[in-house]
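Below is one structure; the comments refer to it alone.
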Amino acid sequence: MTEKKQSAEAMEPDVHKKIKAAFKAFDYESNNKVDVREIGTVIYSLGCFPTQADLHDIIAGVEEDHTGYITLDKFLPAMTKVLLEHKFPPIPEDLLLQAFEVLDKEKKGYLEPEELTKHMTQEGELFTQEEMEEMLTALADHEDNFVYYKDLISQLTIDPDM
Amino acid sequence: MGCGTSVATEPQEERVEPDDTVKSPSPALTMKAAILIQRWYRRYMARLEMRRRYTWNIFQSIEYAGEQDQLQLSSFFSFMLDNFTQLNGNRSDLISQLLNPVVDPWLDRETCYKLIPVPESYTGPRLSFPLSVSDTNALLSAFKEQQTLHARYVLQLLYETKKLLKQMPNITHLSTSYTNEITICGDLHGRLDDLLLIFYKNGLPSAQTPYVFNGDFVDRGKKSVEVVSLLFAYLLLYPDYMHLNRGNHEDHIMNLRYGFTKEVMQKYKTHGREILQLFQDVFSLLPIATVIDGKILIVHGGISDQTDLDFLSSVDRHKVKSALRFPRRSVEQLDIGHSCKRMRLAAGSHPSSHSKNQRTPNQRRRCGHSRQDSAASTSSSSSTSSSSSSFCSPRTPSCLSPRPRPSSPSMPYTINVLQVPYLDSLSSVPPPAPPQHDREWKQVVDILWSDPKTQEGCSPNTFRGGGCYFGPDVTRRLLLRHGLQLLIRSHECKQEGYELCHGGKVITIFSASNYYEEGSNRGAYIKVGRELVPRFYQYQVSRTTRKLTLTQRVRAAEGSALKALKEKLFTHRSELLSGLQQYDQNNTGCVSVSEWTQVFESVLRLDLPWRTLRPHLARLAPDGSVDYQSCFEDMEPGIPLTQMTPNLADTLFRYRTDIEIIFNIIDKDHSGLISIEEFRHTWCLFSAHLGVDIDDRAIDDLARSIDFNKDGSIDFTEFLDAFRVVHKLDNKEQQLNGKAAGRKCS
């Protein structure tokens, strides 16, 4: 237990730098404040895969009441904890594939845009219309408009570690 | 929604049983699957947004850093004019034409363009003045079909525009009571497609559709001539419904560097110079501001705490031909020997306005300091080569080097010029200038170059070199003083094509979409009616017929930004390596990530998230440290360079564009050749100006190692080709893309 704690402590300075860098990208006025509507992007970019509910929990813990801003002072310790404890680990590719397969009831190997739209906009943590449109533009095949999820997963999960 | 938390804490999903393939999965399972996909997708989009953001940072940092080079170039031109033309004794070359224009009576005479014959074979539009709608329509269709307007008509168009503009006041006053909504557009920068798209979406200029174009019509884009021809044609056709404001790029020195001059000379080989001369006049005659209903002020850049619209209405605006040619100095500044020492002292104790703590939000986005600073500090002890002292001539300078402005801390870029020893010998001093000229110049430059910032106050815009950063309090005061309610300006590229600041009192409007790269940003225009409430219209020109996904756009822009950034690394290679090697005394080839970040930040002075960008720029060694040589491995010079000191090579790479401009100026007959003598003199001047210690012989050897004719002239295109940075991976990537087939949705 002590070993784990020690190695976590050793990583702290690096983790702090990472968090500060991500925070700074949205700190337009250089006053260590980020708009609460953009903090989600910061959290995601630090390698976490929280749900909307998780995000709300984090934000609730650090938001300055009624200002609409989150300060670095509060965000840094909270986020450090999240990172050191690996709280929202990445979704493994095979799990993601299974999730798509669950939605693909007829096991066609692809999803029709209407199918995907129905699930994304009516279940779970609902997509807005804008999100849905962007998703379809990004994922649907240009010729037949189907979402061939198997191909997509490997393509879209590869990107450099930030 | 209640399942949300449980999904997060359960690392494992229910596995799908083989039996489930027969019957439908339970609703609970479907919901879990949906949530998982939503979670994944939202994170993916957030990451994309992050990449878009830092791609933007890269482009902007490099752009602003490039503007500093521009300042250097302009001060060099001033300097060169004094020395080079003196040597030649020949004042008819392009430099003196462009930098010290003497009003040529022949050009002013009406007959100049009439003497130009238009051949039967010319299939482009033949304009007849005064212009009618059929002429502007002819221009539109001709330009859509990639035709070039004949020089004779360009000259005539410019001549007529000049006549019209002379009658116009500095500030145009418009009223919404006689017209419908007024459309306000921002920077176009030679993007014909954007202009055509605006006309298509919004309608051609007419009594029903009046327009204000807020400057920066030219430079950067490839169709500046076409854009500005259309704008001027509509101006002549509908002077009551078409209004133009001057931008900071309506300036012949900016044009030298940012492409307009080049475009004109390429399209008009015979008459290019005359055309440029007329453009210079026309640009300086453009009005500098527009006011709608006495309530909305429209200027290209912004304002300063000194801005006085009443004073501005009264100035001779055409006297400010270029913001980069400063007005005549007063006596104190010309006490060169004395001020030289003052400059050096000031340089030493110069408050580090480039330290992070003091940065304003705008500065945060920009280069930390001027390049000249580093040049000055590294070679403050550089001695002039003996050849340059022959240029020293004790005569009155007819044009002037930049002077420090009284309200600001000493500008870094003046230091280099004043440090050049041979200026010390200048003994005579021109008569003191009336303060009026200085004030005029400053007020106009403020209007064209300033940027808003979020913090209160007004500080000199040290990066742009002119104008100010103005805070919300400055805006408030100006609006109050003149009974205005809104300031609309352009000058800065915005991702959505527009942006509000200062509590909505300032709007930035930018009309060149895809400015940095395909997909980098939208363009926008504003429509405002009698109620004076602005409405925004966005658009984006797309080169491909297929709609690109956000992912594709971000990837394309990112690739382009990283390429530009890597070129910067390459051109600073020797500095970077010497900085890195200080942390690597044992020559392992590796440094820690922190050390790597530190070196890159301090050498390149671009306010970028280096740590985040590191994976794109350098490889890690197995132990997690950075293998710094990997930064430079996929770039190489155009041709192998032997016998060259790293210092010289880097300098040539870095200033390649500037050198090209200078060569083009010297090459009076556009032969593509300059003499070795001219080459050497120019190079000595330039390097002395930069404060780079370059051995004469190294230059001669260099010149000789490039093929040249036996008659002692250099093909400078060949020379410059050597200093074009080549990306080794370009060929590889093309091969890979060719192979990739099948369904690729992003």
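Only a predicted model underlies this, so the values are computations on that prediction, with no experimental measurement involved. Below, chains carry the letters A, B, ... as their sequence lines are ordered, and counting in each starts from 1.
- Annotation: side chain of Q538(B) is in contact with side chain of Y498(B) (closest heavy-atom distance under 4.5 Å).
- Neither the backbone nor the side chain of Y149(A) comes within less than 4.5 Å of any heavy atom in chain B.
- Between T117(A) and T121(A), the shortest heavy-atom distance links the atoms O-OG1, 2.6 Å.
- Geometric assessment of K108(A) against the ring of Y110(A) yields a positive cation-pi assignment under the 6.0 Å and 45° thresholds.
- A distance of 6.0 Å or more separates the ring centres of F49(A) and W40(B).
- Residue P90(A): no heavy atom, backbone or side chain, is found under 4.5 Å from chain B.
- Most heavy-atom pairs under 4.5 Å with chain A: of the set M45(B), E49(B), R611(B), this distinction falls to R611(B).
- Proximity to chain B (any heavy atom under 4.5 Å) is shown, for E143(A), by neither the backbone nor the side chain.
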